2 protein chains.
Amino acid sequence: MSTKEGTSGTLGHPEVTTERHGDLFDANCPTRLLLDRVGSKWTVMIVLLLADGEELRFGALRRRMPGVSQKMLTHTLRQLEDDGLAHRRVEPTSPPAVHYSLTALGDTLVGPLRELKRWAELNMGAIDTLRTAAIKARHDQ
Amino acid sequence: MSTKEGTSGTLGHPEVTTERHGDLFDANCPTRLLLDRVGSKWTVMIVLLLADGEELRFGALRRRMPGVSQKMLTHTLRQLEDDGLAHRRVEPTSPPAVHYSLTALGDTLVGPLRELKRWAELNMGAIDTLRTAAIKARHDQ
DNA sequence: CGGGATCCGTATTGATACTG
DNA sequence: CAGTATCAATACGGATCCCG
């Protein structure tokens with residue numbers, strides 16, 4: 001998630017002009033583009049909160065996401081909106097009320113993300129144990 | 001889900017010294033822990049390359065991953081190893097040969113990641129188009 | 001060949017403060 | 001309430017040199 005905005009960035013990066021390796025993985029790999037978004041700290045959380053047709057206001061989202069700053073929440077929502085994954089509906093009332101929901105496209109992402117979440121809940125405990133042990137072992141030796 | 005919006009007026013400090021939480025999503029959320037790893041730039045690529053029992057040497061991995069630096073490759077592999085997702089086998093030959101493969105645990109992650117990859121390949125094109133259009137629209141107006 | 005150690009730029013995130 | 005604008009910290013990723 002270091003690659004900034006997808007727009008032809010001026011990354012001090014050697015141009016990948018050749019494809020002589022002919023491999024499945026490349027710089028323009030869509031998976032990486034997705035992971036740059038999904039890897040963002042709050043994206044998945046928002047998508048999962050808006051799943052199942054849930055429509056939440058800015059403040060409601062914020063309350064459900066402990067630790068998020070309003071700047072990051074705004075930023076991530078904007079990103080999701082620009083990607084066509086989330087929809088933003090503004091009610092021009094006295095204090096403006098902004099509702100967020102998933103688009104049809106965004107909804108299709110819920111499945112894969114839920115599976116990932118399920119995997120995490122099942123295995124992250126084990127991983128954390130293994131990790132601690134491994135590091136301790138290296139430190140020991 | 002619970003549409004309860006309690007007036008939790010206490011704007012607590014960001015100090016997360018204790019496990020003071022009350023929501024489903026929190027810092028100790030396993031999903032976030034997983035995404036911190038998966039969101040890393042090269043993790044998914046490595047896991048997918050090592051899928052299906054593939055065992056690859058350091059150099060082989062590197063050759064298949066255009067743009068990766070040896071530092072990041074080493075770092076990511078070490079992380080995967082510590083997490084118990086990858087296995088490292090050293091052959092103490094004249095020039096040392098190090099082979100990497102997935103553990104049983106690591107293998108179970110392949111499925112969810114493949115699904116994510118499939119989604120990406122199907123939809124990232126559309127997303128990129130939408131994103132460009134959205135940004136242009138905002139800039140236009 | 002594999003990888004440790006170091007220096008370094010910058011993207012990402014966060015903490016305020018201010019606006020309509 | 002929802003959002004923008006600044007400023008500051010840091011973690012991420014890359015380049016390079018060196019070692020067994």
Side-chain angles (χ1 to χ4, degrees), chain A residues 1-7 9-16 27 32 35-46 55-82 86 88-100 138-139 141, chain B residues 5 7-9 11-16 27 32 35-46 55-63 65-82 86 88-100 138:
Chain A
M1 48 172 154
S2 72
T3 37
K4 203 193 163 166
E5 300 164 19
T7 48
T10 47
L11 297 169
H13 211 75
E15 297 294 334
V16 189
R32 199 137 110 199
L35 288 171
D36 281 349
R37 290 159 167 83
V38 157
S40 181
K41 199 172 182 179
W42 308 104
T43 308
V44 172
M45 204 177 294
I46 294 176
E55 191 191 47
L56 295 173
R57 294 183 56 177
F58 186 89
L61 277 169
R62 190 179 179 179
R63 252 171 273 125
R64 282 168 175 75
M65 298 167 60
V68 75
S69 66
Q70 90 306 23
K71 172 189 163 184
M72 274 303 109
L73 183 50
T74 300
H75 179 78
T76 310
L77 283 168
R78 177 61 57 77
Q79 197 177 271
L80 284 169
E81 196 195 350
D82 288 348
R88 183 172 178 264
R89 182 171 64 85
V90 185
E91 276 183 41
T93 52
S94 9
V98 184
H99 301 257
Y100 290 94
R138 193 178 18 253
H139 188 80
Q141 129 193 2
Chain B
E5 301 172 3
T7 47
S8 56
L11 294 172
H13 285 23
E15 298 290 339
V16 192
R32 199 137 110 198
L35 288 171
D36 282 348
R37 290 158 167 81
V38 158
S40 181
K41 200 171 180 179
W42 308 103
T43 307
V44 172
M45 204 176 295
I46 294 176
E55 191 192 46
L56 296 174
R57 295 182 56 176
F58 187 89
L61 277 169
R62 191 177 180 179
R63 252 171 275 122
M65 297 166 61
V68 74
S69 66
Q70 66 68 227
K71 172 191 166 184
M72 276 301 109
L73 183 51
T74 300
H75 179 78
T76 310
L77 283 168
R78 180 73 89 235
Q79 197 177 270
L80 285 170
E81 194 193 353
D82 289 347
R88 182 171 179 265
R89 184 170 63 87
V90 185
E91 274 183 42
T93 51
S94 9
V98 183
H99 300 256
Y100 290 94
R138 198 185 6 266

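Keep in mind that this is a model prediction, so the values were computed, not measured. The analysis underlying the following values was restricted to heavy atoms, covering all of them including side chains, and did not include hydrogens, waters or symmetry mates.
Between the CD1 atom of A:Ile46 and the C1' atom of D:dA2 there is a distance of 14 Å, rounded to whole Å. Atom CG in B:Leu77 sits roughly 7 Å away from atom P in C:dG3 (whole-Å rounding). Rounded to whole Å, the distance from NE2 on A:His75 to P on D:dT6 is 16 Å. The distance from atom NZ of A:Lys41 to atom C1' of D:dA11 is 11 Å, rounded to the nearest whole Å. Residue A:Leu56 contributes atom CG, which lies 11 Å from atom P of D:dA2 at whole-angstrom precision. Regarding A:Leu73, its CG atom lies at a distance of 17 Å from the P atom of C:dT12, rounded to whole Å. Between B:Leu80 atom CG and C:dG3 atom P there is a gap of 13 Å when expressed in whole angstrom units. In this structure, A:Asp36 places its CG atom 16 Å from C1' of C:dT13, rounding to the nearest Å.
Here B:Arg37 contributes atom CZ and B:Asp82 contributes atom CG; the two are 9.5 Å apart, rounded to the nearest 0.5 Å. Atoms CD1 and CG, on A:Ile46 and A:Leu56 in that order, are 10.5 Å from each other to the nearest 0.5 Å. Between atom NE2 of residue B:His75 and atom OG1 of residue B:Thr43 there is a gap of 8.5 Å, rounded to the nearest 0.5 Å. How far CE of B:Met45 is from CZ of A:Arg32: 4.0 Å, rounded to the nearest 0.5 Å. Interatomic distance, CZ of B:Arg89 versus CZ of B:Arg57, reported as 10.0 Å (0.5 Å rounding). If you take NZ on A:Lys41 and CG on B:Asp36, they are separated by 7.5 Å, rounding to the nearest 0.5 Å.
Residues B:Val90 and B:Arg88 approach most closely at CG2-NH1, 3.7 Å, considering heavy atoms.
Residue-to-nucleotide proximity on DNA chain C shows that, of A:Val68 and B:Arg78, the 5′-proximal contact is made by B:Arg78. Take the nearest nucleotide of DNA chain D for A:His99 and for B:Lys71: the residue whose nucleotide is more 5' is A:His99.
Residue A:Arg62 places no side-chain N or O under 4.0 Å from the OP1 or OP2 atom of D:dC1. Residue A:Tyr100 has no polar side-chain atom (N or O) positioned under 4.0 Å from OP1 or OP2 of D:dC1. Taking 4.0 angstrom as the limit, B:Arg88 places a side-chain polar atom (N or O) nearer than this to OP1 or OP2 of C:dG3. For B:Arg57, no side-chain nitrogen or oxygen approaches OP1 or OP2 of C:dC1 to under 4.0 Å.
Candidate nucleotides D:dT4, C:dA15, C:dG2 were compared by shortest atom distance to the side chain of B:Phe58, and C:dG2 ranks first. Among the nucleotides D:dG13, D:dT4, C:dG3, the one closest to any side-chain atom of A:Gln70 is D:dT4. Taking every side-chain heavy atom of A:Met72 into account, C:dT13 is the closest of D:dG3, C:dT13, D:dG13.
Less than 4.0 Å separates DNA chain D from at least one heavy atom of each of the following residues of residues 89-97 of chain B: B:Pro96.
Residues A:Leu77 and A:Trp42 form no side-chain contact, since every pair of their non-hydrogen atoms from C-beta on lies 4.5 Å or further apart.
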* Dot-bracket for DNA chain D, please, read 5' to 3', with Watson-Crick or G-U wobble pairs under 3.5 Å on both distances, ( ) within the strand, [ ] crossing, | other strand, . unpaired. => ||||||||.|||||||||||
